[in-house]
Amino acid sequence: MITEKSQKLFEESQKKIPGGVNSPVRAFRSVGRTPLFIHHAKGSHITDVDGNTYIDYVCSWGPGILGHAHPQVIEAVKSACDRGLTYGAPTENELILADMICEAMPSVEKVRLVSSGTEAVMSAIRTARGYTGRDYIIKFKGNYHGHSDGLLVKAGSAALTTAVPDSSGVPASYTENTLVALYNDKQSVTSLMETYGEKVAAIIVEPVAANMGVVLPEDGFLQFLRKITEEYGSLLIFDEVITGFRLGYGGAQEYFGIRPDMTTMGKIVGGGMPMAAYGGRRDIMDMVSPVGPVYQAGTLSGNPIATTAGIETLKLLKAHPEYYRQIDENAAKLAAALEKRGERTGVPVTVNRVGSLLCAFFTGRKVNDYDSATSSDLEAYAAYFGHMLEGGIYVAPSQYEAMFVSAAHSDEDIERTCQVILS
Ligand code: HOZ
(Lines give C-alpha, C1' and ligand atoms only; values in the text may rest on other atoms or scores of the structure.)
Protein backbone atom coordinates (compact mmCIF):
# COMPACT_ATOMS: atom_id res chain seq x y z
CA MET A 1 0.00 0.00 0.00
CA ILE A 2 1.61 3.24 -1.13
CA THR A 3 0.66 6.30 0.94
CA GLU A 4 3.30 8.76 -0.27
CA LYS A 5 0.88 11.56 -1.10
CA SER A 6 -0.95 11.25 2.21
CA GLN A 7 2.35 11.37 4.06
CA LYS A 8 3.50 14.44 2.18
CA LEU A 9 0.19 16.23 2.80
CA PHE A 10 0.37 15.30 6.48
CA GLU A 11 3.88 16.75 6.78
CA GLU A 12 2.75 20.00 5.16
CA SER A 13 -0.51 20.15 7.11
CA GLN A 14 1.32 19.94 10.41
CA LYS A 15 3.00 23.24 9.58
CA LYS A 16 -0.32 25.06 9.29
CA ILE A 17 -2.88 23.04 11.26
CA PRO A 18 -2.37 21.85 14.86
CA GLY A 19 -1.35 18.20 14.56
CA GLY A 20 -2.13 18.39 10.85
CA VAL A 21 -5.82 17.67 11.42
CA ASN A 22 -9.01 19.49 12.29
CA SER A 23 -10.22 16.91 14.81
CA PRO A 24 -7.71 14.95 16.89
CA VAL A 25 -8.79 11.34 16.31
CA ARG A 26 -8.11 11.77 12.59
CA ALA A 27 -4.36 12.02 13.30
CA PHE A 28 -4.12 8.21 13.75
CA ARG A 29 -1.90 8.79 16.78
CA SER A 30 -3.38 6.09 18.93
CA VAL A 31 -2.70 3.50 16.23
CA GLY A 32 0.80 4.84 15.57
CA ARG A 33 0.31 5.64 11.89
CA THR A 34 0.04 8.66 9.66
CA PRO A 35 -3.47 9.57 8.54
CA LEU A 36 -4.88 8.90 5.10
CA PHE A 37 -5.90 12.00 3.21
CA ILE A 38 -9.14 11.29 1.44
CA HIS A 39 -9.77 12.21 -2.16
CA HIS A 40 -13.33 10.96 -2.62
CA ALA A 41 -15.91 8.47 -1.41
CA LYS A 42 -18.83 6.72 -3.04
CA GLY A 43 -21.25 4.19 -1.56
CA SER A 44 -19.39 1.91 0.83
CA HIS A 45 -15.94 2.86 -0.42
CA ILE A 46 -13.50 5.61 0.39
CA THR A 47 -10.43 6.45 -1.72
CA ASP A 48 -7.30 8.23 -0.55
CA VAL A 49 -5.10 10.66 -2.48
CA ASP A 50 -2.72 7.83 -3.42
CA GLY A 51 -5.56 5.99 -5.11
CA ASN A 52 -6.03 3.28 -2.43
CA THR A 53 -9.67 2.32 -2.01
CA TYR A 54 -11.06 0.87 1.22
CA ILE A 55 -14.38 -0.47 2.42
CA ASP A 56 -15.33 2.23 4.89
CA TYR A 57 -16.68 1.51 8.37
CA VAL A 58 -15.96 4.97 9.77
CA CYS A 59 -18.73 6.47 7.64
CA SER A 60 -17.64 9.97 8.72
CA TRP A 61 -18.15 8.83 12.33
CA GLY A 62 -21.81 8.07 11.80
CA PRO A 63 -23.56 10.35 9.32
CA GLY A 64 -22.97 8.01 6.38
CA ILE A 65 -25.81 5.57 7.11
CA LEU A 66 -26.73 5.53 3.40
CA GLY A 67 -23.10 5.30 2.36
CA HIS A 68 -21.28 8.13 0.64
CA ALA A 69 -22.70 10.43 -1.99
CA HIS A 70 -26.15 8.90 -2.30
CA PRO A 71 -27.43 10.11 -5.71
CA GLN A 72 -30.76 11.41 -4.34
CA VAL A 73 -29.02 13.42 -1.62
CA ILE A 74 -26.38 14.79 -3.99
CA GLU A 75 -28.94 15.76 -6.60
CA ALA A 76 -31.04 17.67 -4.05
CA VAL A 77 -27.99 19.38 -2.56
CA LYS A 78 -26.78 20.49 -6.00
CA SER A 79 -30.11 21.99 -6.79
CA ALA A 80 -30.27 23.71 -3.37
CA CYS A 81 -26.80 25.20 -4.01
CA ASP A 82 -28.13 26.87 -7.14
CA ARG A 83 -30.57 28.79 -4.96
CA GLY A 84 -27.85 30.19 -2.67
CA LEU A 85 -25.75 28.81 0.14
CA THR A 86 -27.07 30.71 3.13
CA TYR A 87 -29.61 33.44 3.80
CA GLY A 88 -29.59 33.95 7.57
CA ALA A 89 -33.39 33.94 7.34
CA PRO A 90 -36.01 31.25 7.87
CA THR A 91 -36.81 28.73 5.14
CA GLU A 92 -39.55 26.17 4.56
CA ASN A 93 -36.87 23.47 4.72
CA GLU A 94 -36.39 24.14 8.43
CA LEU A 95 -40.07 23.49 9.07
CA ILE A 96 -40.04 20.34 6.95
CA LEU A 97 -37.06 18.95 8.82
CA ALA A 98 -38.46 19.96 12.22
CA ASP A 99 -41.67 18.13 11.34
CA MET A 100 -39.74 15.03 10.31
CA ILE A 101 -37.71 15.02 13.54
CA CYS A 102 -40.79 15.49 15.75
CA GLU A 103 -42.58 12.70 13.90
CA ALA A 104 -39.62 10.34 14.24
CA MET A 105 -39.14 11.08 17.95
CA PRO A 106 -42.47 11.93 19.58
CA SER A 107 -40.69 13.09 22.76
CA VAL A 108 -39.42 15.98 20.66
CA GLU A 109 -42.33 18.40 20.43
CA LYS A 110 -40.20 21.36 19.40
CA VAL A 111 -36.71 21.42 17.98
CA ARG A 112 -33.98 23.96 17.28
CA LEU A 113 -31.48 23.37 14.47
CA VAL A 114 -27.81 24.17 15.09
CA SER A 115 -24.53 23.36 13.35
CA SER A 116 -22.74 20.71 15.41
CA GLY A 117 -23.34 18.10 18.07
CA THR A 118 -21.23 20.12 20.49
CA GLU A 119 -23.48 23.13 19.97
CA ALA A 120 -26.64 21.03 20.33
CA VAL A 121 -25.55 19.59 23.67
CA MET A 122 -24.22 22.86 25.02
CA SER A 123 -27.54 24.53 24.18
CA ALA A 124 -29.64 21.69 25.59
CA ILE A 125 -27.78 21.92 28.90
CA ARG A 126 -28.29 25.68 29.02
CA THR A 127 -31.99 25.19 28.30
CA ALA A 128 -32.30 22.54 31.01
CA ARG A 129 -30.66 24.87 33.50
CA GLY A 130 -32.88 27.76 32.44
CA TYR A 131 -35.99 25.62 32.72
CA THR A 132 -35.25 24.08 36.11
CA GLY A 133 -33.43 27.04 37.63
CA ARG A 134 -30.77 24.54 38.77
CA ASP A 135 -27.05 24.47 38.01
CA TYR A 136 -25.77 20.92 38.41
CA ILE A 137 -25.70 18.35 35.67
CA ILE A 138 -24.74 14.71 35.90
CA LYS A 139 -22.82 13.04 33.09
CA PHE A 140 -21.23 9.60 32.86
CA LYS A 141 -17.56 8.72 32.88
CA GLY A 142 -16.53 7.86 29.31
CA ASN A 143 -19.63 9.43 27.73
CA TYR A 144 -18.72 12.14 25.25
CA HIS A 145 -20.95 15.11 24.58
CA GLY A 146 -18.75 17.32 22.42
CA HIS A 147 -16.04 19.69 23.49
CA SER A 148 -17.82 22.48 25.35
CA ASP A 149 -16.05 23.46 28.57
CA GLY A 150 -18.52 22.10 31.10
CA LEU A 151 -18.71 18.68 29.46
CA LEU A 152 -15.02 17.92 29.04
CA VAL A 153 -14.97 16.02 32.27
CA LYS A 154 -14.12 12.32 32.14
CA ALA A 155 -15.07 12.45 28.47
CA GLY A 156 -14.70 9.77 25.80
CA SER A 157 -13.68 9.84 22.10
CA ALA A 158 -10.30 11.45 21.36
CA ALA A 159 -10.29 12.97 24.84
CA LEU A 160 -9.59 9.42 26.02
CA THR A 161 -6.66 8.78 23.68
CA THR A 162 -4.97 12.17 24.01
CA ALA A 163 -4.42 11.38 27.67
CA VAL A 164 -6.04 14.67 28.63
CA PRO A 165 -9.50 13.56 29.70
CA ASP A 166 -9.98 16.94 31.28
CA SER A 167 -8.74 19.47 28.74
CA SER A 168 -6.32 22.18 29.69
CA GLY A 169 -7.77 25.64 29.12
CA VAL A 170 -10.98 24.86 30.99
CA PRO A 171 -11.19 26.91 34.20
CA ALA A 172 -12.05 24.72 37.19
CA SER A 173 -15.02 26.95 37.91
CA TYR A 174 -16.56 25.97 34.52
CA THR A 175 -16.81 22.34 35.48
CA GLU A 176 -17.69 22.65 39.14
CA ASN A 177 -21.36 22.10 38.32
CA THR A 178 -20.63 18.91 36.39
CA LEU A 179 -21.00 15.75 38.46
CA VAL A 180 -19.74 12.45 37.12
CA ALA A 181 -21.48 9.11 37.64
CA LEU A 182 -20.48 5.68 36.37
CA TYR A 183 -22.22 4.29 33.30
CA ASN A 184 -24.41 1.28 34.11
CA ASP A 185 -23.89 1.87 37.83
CA LYS A 186 -27.22 2.82 39.39
CA GLN A 187 -25.69 3.23 42.83
CA SER A 188 -23.31 5.95 41.63
CA VAL A 189 -26.29 7.90 40.31
CA THR A 190 -28.36 7.34 43.43
CA SER A 191 -25.53 8.60 45.65
CA LEU A 192 -25.14 11.79 43.64
CA MET A 193 -28.89 12.36 43.55
CA GLU A 194 -29.20 11.81 47.30
CA THR A 195 -26.67 14.57 47.88
CA TYR A 196 -27.39 16.99 45.03
CA GLY A 197 -30.72 15.85 43.53
CA GLU A 198 -32.68 19.01 44.34
CA LYS A 199 -30.03 21.02 42.52
CA VAL A 200 -29.58 18.77 39.48
CA ALA A 201 -30.94 20.35 36.29
CA ALA A 202 -30.38 17.26 34.16
CA ILE A 203 -28.80 13.90 33.74
CA ILE A 204 -27.28 13.62 30.27
CA VAL A 205 -26.46 10.21 28.86
CA GLU A 206 -25.47 8.57 25.62
CA PRO A 207 -28.19 5.88 25.66
CA VAL A 208 -25.63 3.64 23.99
CA ALA A 209 -22.16 4.86 24.89
CA ALA A 210 -20.34 5.04 21.56
CA ASN A 211 -17.32 7.16 22.39
CA MET A 212 -15.47 4.68 24.63
CA GLY A 213 -15.91 2.03 22.00
CA VAL A 214 -19.49 0.77 22.04
CA VAL A 215 -20.93 0.06 25.48
CA LEU A 216 -24.56 -0.98 25.80
CA PRO A 217 -26.85 0.08 28.62
CA GLU A 218 -27.61 -2.84 30.90
CA ASP A 219 -31.21 -3.95 31.28
CA GLY A 220 -33.14 -1.40 33.28
CA PHE A 221 -30.39 1.24 33.42
CA LEU A 222 -32.09 3.78 31.14
CA GLN A 223 -35.47 3.08 32.81
CA PHE A 224 -33.80 3.76 36.15
CA LEU A 225 -32.47 7.10 34.88
CA ARG A 226 -35.96 8.00 33.68
CA LYS A 227 -37.40 7.21 37.10
CA ILE A 228 -34.83 8.93 39.28
CA THR A 229 -34.90 12.13 37.22
CA GLU A 230 -38.69 12.23 37.63
CA GLU A 231 -38.37 11.71 41.36
CA TYR A 232 -36.06 14.70 41.76
CA GLY A 233 -37.65 16.97 39.15
CA SER A 234 -34.49 16.85 37.00
CA LEU A 235 -34.57 16.48 33.23
CA LEU A 236 -33.35 13.45 31.35
CA ILE A 237 -31.36 14.34 28.22
CA PHE A 238 -30.59 11.63 25.68
CA ASP A 239 -27.55 12.48 23.62
CA GLU A 240 -28.56 10.80 20.38
CA VAL A 241 -25.91 12.41 18.20
CA ILE A 242 -24.72 8.90 17.30
CA THR A 243 -27.80 6.75 17.97
CA GLY A 244 -30.41 9.09 16.46
CA PHE A 245 -31.83 7.63 13.22
CA ARG A 246 -29.26 4.81 13.52
CA LEU A 247 -30.68 2.32 16.00
CA GLY A 248 -33.91 2.76 14.10
CA TYR A 249 -35.71 5.73 12.58
CA GLY A 250 -36.82 6.73 16.10
CA GLY A 251 -33.32 6.39 17.57
CA ALA A 252 -32.38 4.86 20.90
CA GLN A 253 -35.48 6.22 22.60
CA GLU A 254 -37.67 4.17 20.30
CA TYR A 255 -35.33 1.17 20.50
CA PHE A 256 -35.33 1.09 24.31
CA GLY A 257 -38.82 2.53 24.77
CA ILE A 258 -37.87 5.53 26.92
CA ARG A 259 -39.23 9.05 26.59
CA PRO A 260 -36.52 11.54 27.56
CA ASP A 261 -37.34 15.19 28.29
CA MET A 262 -34.77 16.45 25.81
CA THR A 263 -32.78 14.96 22.96
CA THR A 264 -29.68 16.08 21.12
CA MET A 265 -29.03 14.95 17.57
CA GLY A 266 -26.28 15.35 14.99
CA LYS A 267 -24.55 13.35 12.28
CA ILE A 268 -27.34 11.51 10.36
CA VAL A 269 -29.84 14.33 10.86
CA GLY A 270 -27.56 16.54 8.73
CA GLY A 271 -27.11 13.91 6.04
CA GLY A 272 -23.35 14.55 5.99
CA MET A 273 -23.52 18.33 6.24
CA PRO A 274 -22.64 20.29 9.39
CA MET A 275 -25.99 20.25 11.12
CA ALA A 276 -27.34 19.14 14.48
CA ALA A 277 -30.42 19.72 16.60
CA TYR A 278 -31.74 19.80 20.13
CA GLY A 279 -35.34 19.43 21.11
CA GLY A 280 -37.78 18.13 23.64
CA ARG A 281 -40.93 18.89 25.49
CA ARG A 282 -42.73 22.01 24.29
CA ASP A 283 -42.72 23.71 27.71
CA ILE A 284 -38.95 23.19 27.98
CA MET A 285 -38.14 24.31 24.43
CA ASP A 286 -40.27 27.42 24.89
CA MET A 287 -37.56 28.61 27.28
CA VAL A 288 -35.36 29.22 24.22
CA SER A 289 -34.98 32.73 22.79
CA PRO A 290 -36.88 34.55 21.29
CA VAL A 291 -39.82 32.99 23.19
CA GLY A 292 -37.98 32.50 26.46
CA PRO A 293 -34.94 33.81 28.31
CA VAL A 294 -32.39 31.13 27.29
CA TYR A 295 -30.23 32.68 24.60
CA GLN A 296 -28.94 30.66 21.67
CA ALA A 297 -28.31 31.75 18.08
CA GLY A 298 -26.27 30.92 14.97
CA THR A 299 -25.67 32.48 11.56
CA LEU A 300 -25.60 29.11 9.83
CA SER A 301 -28.27 27.42 11.97
CA GLY A 302 -30.81 25.67 9.74
CA ASN A 303 -28.59 26.26 6.72
CA PRO A 304 -30.50 25.55 3.49
CA ILE A 305 -27.93 23.12 2.07
CA ALA A 306 -27.58 21.22 5.35
CA THR A 307 -31.34 20.95 5.82
CA THR A 308 -31.66 19.69 2.24
CA ALA A 309 -29.14 16.91 2.89
CA GLY A 310 -30.87 16.08 6.18
CA ILE A 311 -34.36 15.98 4.67
CA GLU A 312 -33.33 13.75 1.76
CA THR A 313 -31.47 11.38 4.08
CA LEU A 314 -34.41 11.06 6.46
CA LYS A 315 -36.83 10.63 3.55
CA LEU A 316 -34.78 7.69 2.29
CA LEU A 317 -34.51 6.12 5.73
CA LYS A 318 -38.23 6.46 6.29
CA ALA A 319 -39.08 5.03 2.88
CA HIS A 320 -36.76 2.06 3.42
CA PRO A 321 -37.31 0.55 6.87
CA GLU A 322 -35.65 -2.59 5.51
CA TYR A 323 -32.30 -0.75 5.61
CA TYR A 324 -32.31 -1.08 9.39
CA ARG A 325 -32.75 -4.84 9.24
CA GLN A 326 -30.05 -5.10 6.58
CA ILE A 327 -27.46 -3.08 8.51
CA ASP A 328 -28.24 -4.95 11.75
CA GLU A 329 -27.76 -8.30 10.04
CA ASN A 330 -24.54 -7.20 8.40
CA ALA A 331 -23.21 -5.85 11.68
CA ALA A 332 -24.04 -9.19 13.31
CA LYS A 333 -21.97 -10.99 10.66
CA LEU A 334 -19.01 -8.70 11.33
CA ALA A 335 -19.38 -9.19 15.07
CA ALA A 336 -19.38 -12.98 14.63
CA ALA A 337 -16.23 -12.79 12.49
CA LEU A 338 -14.48 -10.62 15.08
CA GLU A 339 -15.35 -13.10 17.81
CA LYS A 340 -14.06 -15.95 15.69
CA ARG A 341 -10.83 -14.03 15.11
CA GLY A 342 -10.38 -13.90 18.87
CA GLU A 343 -10.79 -17.68 19.13
CA ARG A 344 -8.39 -18.29 16.24
CA THR A 345 -5.62 -15.95 17.31
CA GLY A 346 -5.92 -16.56 21.03
CA VAL A 347 -5.96 -12.78 21.56
CA PRO A 348 -8.97 -12.19 23.80
CA VAL A 349 -11.71 -10.17 22.13
CA THR A 350 -14.99 -8.89 23.49
CA VAL A 351 -17.36 -7.66 20.81
CA ASN A 352 -20.15 -5.25 21.72
CA ARG A 353 -22.91 -4.56 19.25
CA VAL A 354 -26.30 -2.99 19.07
CA GLY A 355 -27.93 -2.62 15.67
CA SER A 356 -25.38 -1.31 13.18
CA LEU A 357 -22.99 -0.02 15.85
CA LEU A 358 -20.24 -2.34 16.98
CA CYS A 359 -16.78 -2.49 18.39
CA ALA A 360 -14.08 -5.02 19.27
CA PHE A 361 -12.32 -4.64 22.61
CA PHE A 362 -9.11 -6.57 23.10
CA THR A 363 -9.81 -7.82 26.57
CA GLY A 364 -11.23 -10.97 28.06
CA ARG A 365 -13.53 -8.93 30.30
CA LYS A 366 -17.15 -8.14 29.74
CA VAL A 367 -17.20 -4.47 28.68
CA ASN A 368 -20.00 -2.56 30.33
CA ASP A 369 -18.39 0.62 31.67
CA TYR A 370 -15.41 2.94 31.47
CA ASP A 371 -13.03 0.76 33.46
CA SER A 372 -13.71 -2.38 31.46
CA ALA A 373 -13.59 -0.41 28.17
CA THR A 374 -10.20 1.01 29.06
CA SER A 375 -8.91 -2.45 29.98
CA SER A 376 -8.63 -3.14 26.24
CA ASP A 377 -5.11 -3.76 24.98
CA LEU A 378 -4.44 -0.71 22.80
CA GLU A 379 -1.46 -2.32 21.09
CA ALA A 380 -3.68 -5.19 20.03
CA TYR A 381 -6.20 -2.65 18.69
CA ALA A 382 -3.43 -0.89 16.74
CA ALA A 383 -2.31 -4.23 15.27
CA TYR A 384 -5.92 -5.04 14.29
CA PHE A 385 -6.33 -1.59 12.72
CA GLY A 386 -3.13 -2.05 10.68
CA HIS A 387 -4.19 -5.53 9.59
CA MET A 388 -7.58 -4.26 8.43
CA LEU A 389 -6.11 -1.27 6.61
CA GLU A 390 -3.57 -3.41 4.78
CA GLY A 391 -6.47 -5.64 3.79
CA GLY A 392 -8.40 -2.69 2.34
CA ILE A 393 -10.76 -2.12 5.25
CA TYR A 394 -10.99 1.28 6.93
CA VAL A 395 -12.07 1.07 10.58
CA ALA A 396 -11.82 3.70 13.30
CA PRO A 397 -8.21 4.66 14.04
CA SER A 398 -8.96 4.49 17.74
CA GLN A 399 -10.21 1.91 20.20
CA TYR A 400 -12.63 4.41 21.65
CA GLU A 401 -14.88 4.88 18.64
CA ALA A 402 -17.51 2.74 16.94
CA MET A 403 -17.59 0.71 13.74
CA PHE A 404 -20.52 1.92 11.61
CA VAL A 405 -22.32 -0.22 9.05
CA SER A 406 -24.18 1.53 6.25
CA ALA A 407 -26.97 0.57 3.86
CA ALA A 408 -24.42 0.83 1.05
CA HIS A 409 -22.37 -2.10 2.37
CA SER A 410 -23.10 -4.94 -0.03
CA ASP A 411 -23.03 -8.67 0.70
CA GLU A 412 -19.68 -8.75 -1.10
CA ASP A 413 -18.32 -5.95 1.10
CA ILE A 414 -19.36 -7.81 4.24
CA GLU A 415 -17.98 -11.09 2.97
CA ARG A 416 -14.68 -9.48 2.01
CA THR A 417 -14.47 -7.75 5.40
CA CYS A 418 -15.09 -11.03 7.24
CA GLN A 419 -12.35 -12.67 5.17
CA VAL A 420 -9.89 -9.95 6.15
CA ILE A 421 -10.93 -10.15 9.80
CA LEU A 422 -10.27 -13.88 9.75
CA SER A 423 -7.06 -13.81 7.71
N1 HOZ B 1 -15.87 13.18 17.81
C2 HOZ B 1 -15.89 12.34 16.66
C3 HOZ B 1 -15.91 10.91 17.01
N4 HOZ B 1 -16.75 10.53 18.06
C5 HOZ B 1 -14.70 12.56 15.78
C6 HOZ B 1 -15.00 13.48 14.71
C7 HOZ B 1 -13.89 13.61 13.69
O8 HOZ B 1 -12.73 13.50 14.02
O9 HOZ B 1 -14.20 13.83 12.53
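All ligand and atom numbering here is 1-based and tracks the order in the structure.
Within 6.0 Å of atom OH in Y87, more than 12 heavy atoms from other residues, nucleotides or ligands are found, so the atom counts as buried in its surroundings. Around CZ of F224, the count of heavy atoms belonging to other residues, nucleotides or ligands within 6.0 Å exceeds 12.
Of the N or O atoms in K267, none lie within a sub-3.5 Å distance of an N or O in ligand 1.
Every atom of ligand 1 with a heavy atom of V25 under 4.0 Å away is listed here by number and element: 5 (C), 8 (O).
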Original post:
Passes salt bridge (charged side-chain N to carboxylate O under 4.0 Å, His left out), E329 versus K333? Steps please.
Top reply: CA-CA 6 Å; E329 284 173 7; K333 287 183 190 160; 5.8 Å; no
List, one per line, each side-chain donor-acceptor pair under 3.5 Å for residues 259-274, sequence neighbours excluded.
from: R259; atom 1: NH2; to: P106; atom 2: O; distance (Å): 3.1
from: D261; atom 1: OD1; to: R226; atom 2: NH1; distance (Å): 3.4
from: D261; atom 1: OD1; to: R281; atom 2: NH1; distance (Å): 2.9
from: D261; atom 1: OD2; to: R226; atom 2: NH1; distance (Å): 3.3
from: D261; atom 1: OD2; to: R226; atom 2: NH2; distance (Å): 2.8
from: D261; atom 1: OD2; to: L236; atom 2: N; distance (Å): 2.7
from: T263; atom 1: OG1; to: Q253; atom 2: NE2; distance (Å): 3.0
from: T264; atom 1: OG1; to: D239; atom 2: OD1; distance (Å): 3.1
from: K267; atom 1: NZ; to: W61; atom 2: O; distance (Å): 3.4

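At the top of the distance list for atom 3 (C) of ligand 1, counting protein heavy atoms only, stands E401 OE1, 3.1 Å. In terms of protein heavy-atom proximity, atom 1 (N) of ligand 1 is closest to S157 OG, 3.5 Å. Here the heavy atom of the protein found nearest to atom 8 (O) of ligand 1 is S23 OG, 2.8 Å.
Contacts with ligand 1 closer than 4.0 Å are made by no heavy atom of I242, backbone or side chain.
Comment: K186 does not engage E218 in a salt bridge, judged by the lack of any side-chain N to carboxylate O separation of less than 4.0 angstrom.
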